[in-house]
Each structure stands twice: as structure tokens, then as C-alpha cells.
**Student:** 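Have a look at the structure that comes next, please.
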Amino acid sequence: MVIKIYNTLTRSKEELKPGAPPKVTFYVCGPTVYDYIHIGNARVFIIFDVVRRYLNYRGFDVKLVQNYTDIDDKMINRANDQGITVPELAARFIEAYEEDVTALRIRPADVKPRATEHIPQIIELIERLLENGFAYISEGDVYYDTSRYTDYGRLSQQKQDELLAGARVEPGEKKRSPLDFALWKQKKEGEPSWESPWGEGRPGWHIECSAMSTHYMNDTLDIHAGGADLIFPHHENEIAQTWGADQRPLARYWMHAGYLNIEDQKMSKSLGNVRTVRELVERHDPLDLRFLILSAHYRSPLNFSADLVAQSRAGRQRLQEMIVNVLDLLGSAGNSAGESEEKLRNALGNARKRIVEAMDDDFNTADGLGVLFDLARSCNIYLKEGFPYNRELLEDVIHFYRDINDVFEILDISVPGKLDEEIAALIVRRDEARAAKDWAAADRIRDELTTRGIVLEDTPHGTRWKRK
RNA sequence: GGCGACAUAGCCAAGUGGUAAGGCAGAGGACUGCAAAUCCUUCAUCCCCGGUUCGAAUCCGGGUGUCGCCUCCA
């Protein structure tokens with residue numbers, strides 16, 4: 001079995017063949033830390049979090065690098081607006097970012113480099129580009145000479161003349177061609193700057209990723225990923241830079257996540273529909289948000305609305321319900337064997353196989369979720385018909401869900417905590433009332449518990465409770 | 001203007017040549033003292049028109065529609 005990845009560079013699915021297996025070097029373009037991240041950003045980070053976890057699940061040793069862009073026009077403008085320095089702004093939103101992704105259960109990257117901490121590597125890279133004739137100096141700025149790189153436009157599948165036709169020409173440009181882009185920008189008054197061979201200034205946006213990925217991964221990356229809107233010009237430019245400096249491809253596989261819309265509209269400031277993660281995790285269970293994002297293929301556009309979160313929640317709880325039931329019954333399960341066990345055992349084996357097939361095929365999480373639901377049904381049938389239960393089998397089921405949840409992280413698979421003694425006593429009293437067929441008293445207690453957030457379920461094997 | 005993506009039930013969504021996964025919502029039934037949970041049944045011929053094929057949601061051509069990129073943007 002091999003993992004297939006849709007490579008934006010070739011517009012086709014390719015087998016994953018890392019440069020030095022089982023190692024996989026993985027670079028994800030991180031946030032520009034000038035504001036809180038929104039749900040669109042979160043989609044990208046959740047998707048690649050799952051990709052990374054799945055590669056781990058399949059036995060790869062993944063090294064994930066994700067940068068912070070902490071110096072660029074947006075950073076400078078925002079810092080000025082707020083009357084603080086760029087480093088202050090960066091510190092504030094890096095902290096906010098880490099809180100947000102933690103809330104979303106996104107695992108931190110192995111390395112989280114900041115552009116401003118890699119100025120020497122950036123300068124060194126620009127120097128190599130100048131030496132190789134892929135860059136030129138113009139009035140204190142340094143630009144990449146796109147005419148020197150014949151493959152420019154390959155990633156975005158645009159020809160240079162077509163790009164030129166659509167390019168906007170700003171007045172007062174120091175560039176030779178509208179397609180050229182800044183590697184180094186001369187200092188303007190009031191901007192952060194660093195010394196360089198070309199005078200004081202700061203790096204352009206694209207150069208940091210080329211410099212830092214090379215610094216931390218040395219050679220051609222296995223996977224480089226980001227949002228679809230980074231294809232042009234950001235990733236195109238990164239490729240050009242690395243080629244110009246080292247005559248090697250930056251990455252083997254380019255992955256891009258699709259857009260997220262808000263109630264069928266593009267998320268934008270002007271529409272006022274930007275939804276920050278900060279705001280959403282207040283109102284929704286982060287696991288519901290993850291579930292929603294994983295319910296569509298990562299390259300497809302995804303719509304976001306409160307209604308869709310509610311749908312996701314309802315579906316997710318079906319799985320959650322089954323998990324809780326199984327965990328609850330584990331203690332009382334024995335070692336019976338029979339047709340029921342056989343059926344569930346087969347369903348489990350099937351699920352194991354199918355989930356790998358789904359995920360190996362370009363990380364088809366939507367298909368994978370279907371597998372989890374199918375197994376949940378089989379398991380529910382077993383819980384209904386298989387009493388007395390087989391402990392080992394139930395443990396295997398839980399083990400399977402734990403393994404997959406270690407990739408998806410959409411479920412809470414933990415043994416439920418103890419109840420207050422008072423509440424436990426109420427449940428006992430209700431059971432006594434039911435035994436005495438005092439339905440009025442039993443219902444009164446149940447209502448009382450409901451208002452306290454405890455929901456009861458009467459099963460053939462006793463009363464079960466759960467928190468709502 | 002150039003490039004590209006997508007179009008599957010009320011909603012979400014998988015499926016790239018062999019006769020439509022899964023979830024949400026709905027309807028009917030079983031179980032239950034009543035519920036809850038669960039199970040069973042039920043709910044689509046895949047935007048339109050042509051073509052290729054024994055056979056197409058899946059391939060090709062032509063429409064229509066939606067969206068994206070070409071400019072900061074995840």
C-alpha cells in the first residue's frame with residue numbers, strides 16, 4: 001500500500017516517495033502574526049495537522065516546520081495603527097495563535113521559525129541569487145529576475161506572457177518587469193530594518209520560506225503545503241528563489257487546501273463575515289469544528305455556517321455515544337464468543353482496511369469518516385444482540401477508534417468521571433421508584449437530573465448516565 | 001481578457017467505466033412505564049444536450065451555472 005498525494009505541481013496524484021524514508025520533511029506556511037486567525041486559516045492548519053498525524057500513523061518520521069511571518073507590510077501597517085512596535089505586535093499574536101491552535105487540538109510543529117530570527121540566512125540566500133544572476137539591485141532594493149527562470153509560472157500553470165498581460169503595473173516601480181518581486185526592501189522611515197550588503201532594509205515576503213526551509217531541512221523538502229491562495233505568487237516565488245540559488249526543486253510534493261466560505265460567501269473584511277477561531281471556540285466544541293472540516297475533502301471548497309456545525313455535532317455525537325457505551329460496558333464484559341462476536345470482528349477488520357485505503361488516497365477524510373460510522377453501526381448492533389459481551393473484542397474496537405482518533409481527533413475517548421455522590425444517590429432512588437412502578441417519582445427525579453445536565457438512559461443492563 | 005476548479009437527495013458529502021458510501025433532517029416500525037439511546041424500513045439515476053462504449057455520475061465535445069487565481073489574502 002502506498003500513499004498517494006495530489007501534487008499541485010503536476011496536477012495529479014502521485015505516490016509519496018520521500019527523499020530519505022522513513023523521514024518526511026514537511027513545511028507548512030504559517031500565519032502572518034498581525035491578527036487573530038480565522039476559521040479559514042484554521043481549516044488549513046487542521047488539514048495539515050491531520051496529514052502529519054496520518055503520516056505518523058503510517059510509520060513515517062515526520063519533521064514539521066511551520067514559520068511565523070513576523071515582518072512584512074501588513075505587520076508594519078498594523079503595528080503603526082495600534083501604536084506599538086512590530087515585535088510587540090508579533091509577540092502578541094504569536095501567543096494568540098498558539099492559544100487558538102491549542103484549542104483546536106492542532107499539534108505544534110517541531111520547529112516554528114520566525115522570519116526576523118533568520119535574517120542572516122535570508123541575506124545569504126539573496127547573495128547567492130545575485131551571484132547566480134537571478135537577482136538585481138535597484139536603488140537599494142533587491143529584486144528577483146523572473147525572466148531568468150524559464151519555469152516561472154509552472155506551479156500556477158500560467159505562462160509568463162499571460163501573467164504579464166494580467167499584471168498590474170504600479171507607478172514608480174523599481175522593477176524591470178512587473179513579474180519581478182522584492183527579495184529585499186530598502187528601509188523606509190519608521191520601519192524595522194537590518195543591516196545588509198545593500199544597505200539597511202528588510203526581507204521581502206517570499207524569501208523567508210525559502211531560506212528557513214533550507215536552513216531546517218537542508219535539502220529538497222518532501223512536502224510543502226499551504227492554502228490554495230498561496231499558489232500564486234507566494235509558492236511560485238519560493239520555487240523560483242530556491243532554483244535560482246541552488247538549482248534544485250524546493251519541494252517534491254505541493255499540497256494546497258481549498259477555500260472556506262462563510263454562508264456561501266467569501267470571507268472578507270468588507271462583508272464583515274470574518275470568523276475568528278477565538279470567537280468560534282467560545283460557541284462551539286472544537287471537536288465539532290474539526291469534524292466539519294474533515295467531512296469534506298481537503299481540496300474542495302468548504303462552506304461554514306452555524307447550521308453546518310450543528311449537523312456535524314449531531315453526527316459526531318452518534319460516534320461519541322457509541323464510544324461512551326462501549327467504555328461503560330468494558331468492565332462487565334467477559335469472554336463469550338459466537339456469531340455476534342464473529343460479525344463485529346469482521347466489521348472491525350474491514351474498517352481497519354478501509355480507513356487506510358481512504359486516507360492513502362490523498363487523505364480522503366470524508367470517506368474515512370464514513371468508515372467510522374459503518375463500524376459504529378456494527379458495534380451498536382453487537383451491543384444490542386451480543387450480550388454477554390466479549391471484553392477483548394470491545395477493547396479492540398476502542399483501540400481502533402483511539403488509533404484513528406489520534407489522527408482525526410474528533411472524539412473524546414476517555415473513561416467518564418465519577419458522579420457527585422448526591423447525583424449518584426438520586427439515580428439509585430429513581431431506580432427504586434421505577435422498581436416500585438412509581439413513575440411519577442421516577443420522572444420527577446429524571447427531570448431534576450436533566451436540569452443539572454445529567455441525561456439518563458435505561459438499558460436492559462441498568463441505568464446509564466451521561467453529561468449533556 | 002488569460003488560467004483553473006467545481007456542479008451528486010431538503011442539507012452536508014464519498015464515489016473517475018460495471019449499475020449511486022456515510023452523516024444530518026424527515027416518515028413508518030421495533031424496543032421502553034414514558035423517554036433517551038439503539039436497531040429495522042423508507043427517502044437520488046448524479047446541472048442540460050450530444051458522443052464513445054455491451055455498459056458512464058464517472059471518458060470526450062458543446063452548453064448553463066457557481067466559485068477561485070491572475071493584486072494583499074489561508
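As the structure is a computational prediction, the values presented were derived from the model and not from experiment. Residue numbers start from 1 in every chain, and the chains themselves are labelled A, B, ... in the order their sequence lines are given, proteins ahead of strands. Side chains are part of it too, since the values below use all heavy atoms of this structure and drop only hydrogens, waters and symmetry mates.
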**Student:** Looking at B:G10, which nucleotide sits across from it as a Watson-Crick or G-U wobble partner, both distances under 3.5 angstrom, or is there none?
**Tutor:**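 Looking at the geometry, B:G10 pairs with B:C24.
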
**Student:** What's A:D458 touching, base or sugar-phosphate or nothing? Going by heavy atoms closer than 4.0 Å.
**Tutor:**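 Base contact.
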
**Student:** By nearest atom, which of the nucleotides B:C11, B:C69, B:C34 is closest to the A:F232 side chain?
**Tutor:** B:C69

**Student:** Under a 3.5 Å cut-off for both distances, is B:G55 Watson-Crick or wobble paired, and to whom?
**Tutor:** none

**Student:** Classify the side chain of A:Q157 versus the base of B:G4 as yes if they form a donor-acceptor pair under 3.5 Å and no if they do not.
**Tutor:**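 In this structure, the two groups form no donor-acceptor pair.
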
**Student:** For A:L308 and B:A13, give me the distance from atom CG to atom P, rounded to whole Å.
**Tutor:** 8 Å

**Student:** How far, in whole Å, is B:A74 from B:G18 if one measures between their C1' atoms?
**Tutor:**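 Approximately 40 Å lies between the C1' atom of B:G18 and that of B:A74.
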
**Student:** Under 4.0 Å between a Lys/Arg side-chain N and an Asp/Glu carboxylate O for A:E15 and A:K4?
**Tutor:** no

**Student:** Does any N or O donor sit under 3.5 Å from an N or O acceptor when you compare the side chain of A:R446 with the base of B:A35?
**Tutor:**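 For A:R446, whose side chain was compared with the base of B:A35, there is a donor-acceptor pair (under 3.5 Å).
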
**Student:** So does A:D73 reach the base of B:C73 with its side chain, donor to acceptor, closer than 3.5 Å?
**Tutor:**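 Donor-acceptor pair under 3.5 Å: no.
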
**Student:** Would you mind classifying the nucleic acid contact of A:A366 as base, sugar-phosphate or nothing, using non-hydrogen atoms under 4.0 angstrom?
**Tutor:**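 Base contact - A:A366 has a heavy atom under 4.0 Å of at least one base atom.
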
**Student:** Roughly how far apart, to the nearest Å, are B:A9 and B:U32 at atom P?
**Tutor:**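 The answer is 39 Å between these two P atoms.
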
**Student:** Is there a donor in the side chain of A:E341 and an acceptor in the side chain of A:S336, or the other way round, less than 3.5 Å apart?
**Tutor:** yes

**Student:** Any base atoms under 4.0 Å from A:N41, or only sugar-phosphate, or nothing? Heavy atoms, all strands.
**Tutor:**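 Here A:N41 touches the bases of the nucleic acid.
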
**Student:** Return the orientation label for the A:Y298 and A:F363 ring planes: parallel under 30°, perpendicular over 60°, tilted otherwise.
**Tutor:**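 Judged by the thresholds at 30° and 60°, the geometry between A:Y298 and A:F363 is perpendicular.
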
**Student:** At 4.0 Å (heavy atoms only), tell me whether A:I231 reaches a base, stays on the sugar-phosphate, or touches nothing.
**Tutor:**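 Answer is nothing: A:I231 stays at 4.0 Å or more from every strand.
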
**Student:** Of the nucleotides B:A36, B:C40, B:A74, which has the atom closest to the A:K466 side chain?
**Tutor:** B:A36

**Student:** Has A:K437 got a side-chain N or O lying under 4.0 Å from the OP1 or OP2 atom of B:U32?
**Tutor:**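 For A:K437, the contact criterion (side-chain N or O under 4.0 Å from OP1 or OP2 of B:U32) is not met.
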
**Student:** Can you tell me the Watson-Crick or wobble partner of B:C47, both distances under 3.5 angstrom?
**Tutor:** B:G63

**Student:** Determine the Euclidean distance between corresponding P atoms of B:G17 and B:U58; express it in Å to zero decimal places.
**Tutor:** 12 Å

**Student:** Indicate, with a heavy-atom threshold strictly under 4.0 Å, whether A:L260 touches base, sugar-phosphate, or nothing.
**Tutor:** base

**Student:** Side chain of A:Q311 only, please: which of B:C24, B:C69, B:A13 is the nearest?
**Tutor:** B:C24

**Student:** Would you say B:C39 has OP1 or OP2 under 4.0 Å from some side-chain N or O of A:N380?
**Tutor:**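 Answer is yes, contact under 4.0 Å.
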
**Student:** Base, sugar-phosphate, or nothing: which does A:H38 touch, judged by heavy atoms less than 4.0 Å apart?
**Tutor:** base

**Student:** Salt bridge or not for A:R53 and A:E409, using N-O below 4.0 Å?
**Tutor:** yes

**Student:** Going by purine N1 to pyrimidine N3 plus the second Watson-Crick contact, or the G-U wobble pair, all under 3.5 Å, which nucleotide sits opposite B:C31?
**Tutor:** none

**Student:** When both hydrogen-bonding distances must be under 3.5 Å and the geometry is Watson-Crick or G-U wobble, what is B:G1 paired with, if anything?
**Tutor:** B:C70

**Student:** With no hydrogens and no angle check, do the side chains of A:E98 and A:T102 hold a donor and an acceptor under 3.5 Å apart?
**Tutor:**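 A:E98 vs A:T102: no donor-acceptor pair found between side chains.
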
**Student:** Could you give the distance separating B:G61 and B:G23 at their P atoms, to the nearest angstrom?
**Tutor:** 37 Å

**Student:** Across the strands shown, which category fits A:K74 at heavy-atom distances under 4.0 angstrom: base, sugar-phosphate, nothing?
**Tutor:**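 Result for A:K74 = sugar-phosphate.
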
**Student:** Could you check whether A:R434 gets within reach of a base, just the sugar-phosphate, or nothing at all, counting any heavy atom under 4.0 Å?
**Tutor:**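 Base contact - A:R434 has a heavy atom under 4.0 Å of at least one base atom.
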
**Student:** With a 3.5 Å cut-off and no angle check, do the side chains of A:N67 and A:Y27 form a donor-acceptor pair?
**Tutor:**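 There is such a pair between these side chains.
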
**Student:** Classify the side-chain pair A:D264/A:N303 by whether it contains a donor and acceptor separated by less than 3.5 Å.
**Tutor:**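 Indeed, the side chains of A:D264 and A:N303 share at least one donor-acceptor pair under 3.5 Å.
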
**Student:** Looking only at N and O atoms, is any donor in the side chain of A:D367 or the base of B:G22 less than 3.5 Å from an acceptor on the other one?
**Tutor:**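 Looking at the base of B:G22, it does not pair with any donor or acceptor on the side chain of A:D367 (distance under 3.5 Å).
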
**Student:** If we call it a pair only when both distances are under 3.5 Å in a Watson-Crick or G-U wobble match, what pairs with B:G17?
**Tutor:**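 Across any shown strand, B:G17 pairs with none.
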
**Student:** On a whole-Å scale, what distance lies between the P atoms belonging to B:C12 and B:G50?
**Tutor:** 29 Å

**Student:** Taking the C1' atom of each, how far is B:C24 from B:C70, in whole Å?
**Tutor:**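 Between the two C1' atoms, the distance is 39 Å.
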
**Student:** Base, sugar-phosphate, or nothing for A:E321, non-hydrogen atoms under 4.0 angstrom?
**Tutor:** sugar-phosphate

**Student:** Which value, in whole Å, describes the distance between the P atoms of nucleotides B:G10 and B:U19?
**Tutor:**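 Here B:G10 and B:U19 have their P atoms 24 Å from each other.
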
**Student:** Compare side-chain N and O positions of A:R318 against OP1 and OP2 of B:C39 and report whether any pair is under 4.0 Å apart.
**Tutor:**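 Yes, A:R318 has a side-chain N/O under 4.0 Å of OP1/OP2 on B:C39.
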
**Student:** Using a heavy-atom cut-off of 4.0 Å across all strands, would you classify A:R78 as base, sugar-phosphate, or nothing?
**Tutor:**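 A:R78: no heavy atom of the nucleic acid under 4.0 Å.
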
**Student:** So, A:D367 and A:R354, do they make that salt bridge, N to O below 4.0 Å?
**Tutor:** no

